[in-house]
Amino acid sequence: MTDRQMRRFLASAAVVAAITASAGVLSASAANPRAPAKDRFTATAAATGGRLGGYRGAATLSLYPRHGAATRRLKITVIGGICRAAKRCLRLSGTLSGTIKEQPAKPDRGQTFVIGAAGTLAPLGRVSGSGGGQGTGFVHAGHESLWLSFAGQGGRVSMTGESGRVPAYTAP
């Protein structure tokens, strides 16, 4: 193979690699779109039972509720934060499916909701659980709150989270 043929081959291989990489990014983003700020929570987690009792960690929870009635289908993704030098680090990851149900609203207090979900949450394995949250009320901007508890054969984990700043009367 001449030098000229080698350069052409390498150039075409680079183009193919770039196209393949961009297709992978597009398919990954289409399969798991980024949740809006009102549905993205920074959470802390604590294991309260099983072999992971006493472990703590941080995670990002993204809620993907469907549009519709007061009770809607819901997908939750959990991406564990990186543990620095912690010895009892709990790094959760997984996907859960369930429902989110609006509760009767109270004036100026924000929408409350109840969540029930089940799925796989590493390192616990198959889990089911429940929790809820509180949307923002009559404020210029605030933070939604979220609390969840999951249990499975690997133990029990409780999580509490807060959204970034969102406008008044925001709820998932």
Side-chain angles (χ1 to χ4, degrees), residues 21 24-66 71-103 106 109-137 139 141-172:
V25 169
L26 290 174
S27 65
S29 64
N32 193 8
R34 185 177 166 107
K38 70 182 192 79
D39 295 335
R40 197 170 47 248
F41 296 82
T42 301
T44 58
T48 57
R51 69 185 190 289
L52 299 173
Y55 280 57
R56 298 192 179 283
T60 300
L61 282 83
S62 297
L63 306 181
Y64 299 95
R66 298 226 175 139
T71 300
R72 301 172 281 160
R73 292 172 52 101
L74 174 70
K75 177 179 150 189
I76 304 171
T77 60
V78 179
I79 300 172
I82 295 176
C83 299
R84 304 215 192 284
K87 291 183 179 179
R88 303 192 95 187
C89 176
L90 180 62
R91 185 156 187 203
L92 300 169
S93 66
T95 303
L96 307 139
S97 297
T99 59
I100 182 168
K101 182 178 180 180
E102 294 178 5
Q103 298 299 295
K106 295 180 179 152
R109 297 202 47 203
Q111 184 69 51
T112 58
F113 49 94
V114 174
I115 294 174
T120 303
L121 191 59
L124 299 174
R126 186 94 179 124
V127 297
S128 63
S130 61
Q134 177 76 42
T136 57
V139 295
H143 303 274
E144 294 176 305
S145 58
L146 179 73
W147 55 91
L148 297 168
S149 180
F150 292 102
Q153 288 186 340
R156 179 178 301 277
V157 170
S158 296
M159 292 185 268
T160 57
E162 186 175 86
S163 72
R165 285 180 60 88
V166 294
Y169 297 109
T170 301

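In plain terms, the two heavy atoms of Arg88 and Gly53 that are nearest each other are NH2-O, 3.3 Å. Taking every heavy atom of both residues into account, Gly155 and Leu124 meet most closely at N-CD2, 3.9 Å. The minimum heavy-atom distance between Ala59 and Val78, with the atom names listed, is CB-CG1, 4.0 Å. Residue Arg126 comes nearest to Ala118 through the heavy atom pair NH1-C, 4.3 Å, listed as atom of the first residue, atom of the second, then distance. The heavy-atom pair separating Leu90 from Ala47 by the smallest distance is CD2-N, 3.9 Å.
Here the straight-line distance linking atom CG of Leu92 with atom CG of Leu121 works out to 5.0 Å at 0.5 Å rounding. With values rounded to the nearest 0.5 angstrom, Arg66 atom CZ is found 14.0 Å from Thr71 atom OG1. Put simply, CZ on Phe41 and CG on Leu63 are 5.0 Å apart, with the number rounded to the nearest 0.5 Å. Taking CD1 of Ile76 as the start and CE of Met159 as the end, the distance is 7.5 Å to the nearest 0.5 Å. The OG1 atom of Thr170 sits 11.5 Å away from atom CD of Gln111, with the distance rounded to the nearest 0.5 Å. Rounding to the nearest 0.5 angstrom, the gap separating the CG atom in Asp39 from the CG atom in Leu61 is 11.5 Å.
In this structure Ser149 satisfies the side-chain contact (heavy atoms from CB on, under 4.5 Å) test together with Arg156, Ser158, sequence neighbours excluded.
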*Quick one: do Ser145 and Glu162 satisfy side-chain contact (heavy atoms from CB on, under 4.5 Å)? Show the steps, please.*
CA-CA 5 Å; Ser145 58; Glu162 186 175 86; 5.7 Å; no

*Evaluate side-chain contact (heavy atoms from CB on, under 4.5 Å) for Leu148 paired with Leu96, printing each intermediate quantity in order.*
CA-CA 12 Å; Leu148 297 168; Leu96 307 139; over 6 Å; no

_Val127/Val157 under side-chain contact (heavy atoms from CB on, under 4.5 Å): CA gap, chis, key distance, verdict_ = CA-CA 10 Å; Val127 297; Val157 170; over 6 Å; no

*Output, in order, the C-alpha distance, side-chain angles, deciding distance and verdict of side-chain contact (heavy atoms from CB on, under 4.5 Å) for Glu144 and Gln134.*
CA-CA 6 Å; Glu144 294 176 305; Gln134 177 76 42; over 6 Å; no

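By the 4.5 Å heavy-atom criterion applied to side chains, Ser163 and Leu146 are not counted as neighbours.
Within the structure, side chain to side chain donor-acceptor pair (under 3.5 Å) contacts touching residues 92-103 (residues at least two apart or in different chains) do not occur.
More than 12 heavy atoms of other residues, nucleotides or ligands shown are found within 6.0 angstrom of CZ on Arg91. Remark: Arg109 CZ is loosely packed, at most 12 non-hydrogen atoms of other residues, nucleotides or ligands lying under 6.0 Å away.
Side chain of Thr136 to backbone of Pro167: a donor-acceptor contact under 3.5 angstrom is found.
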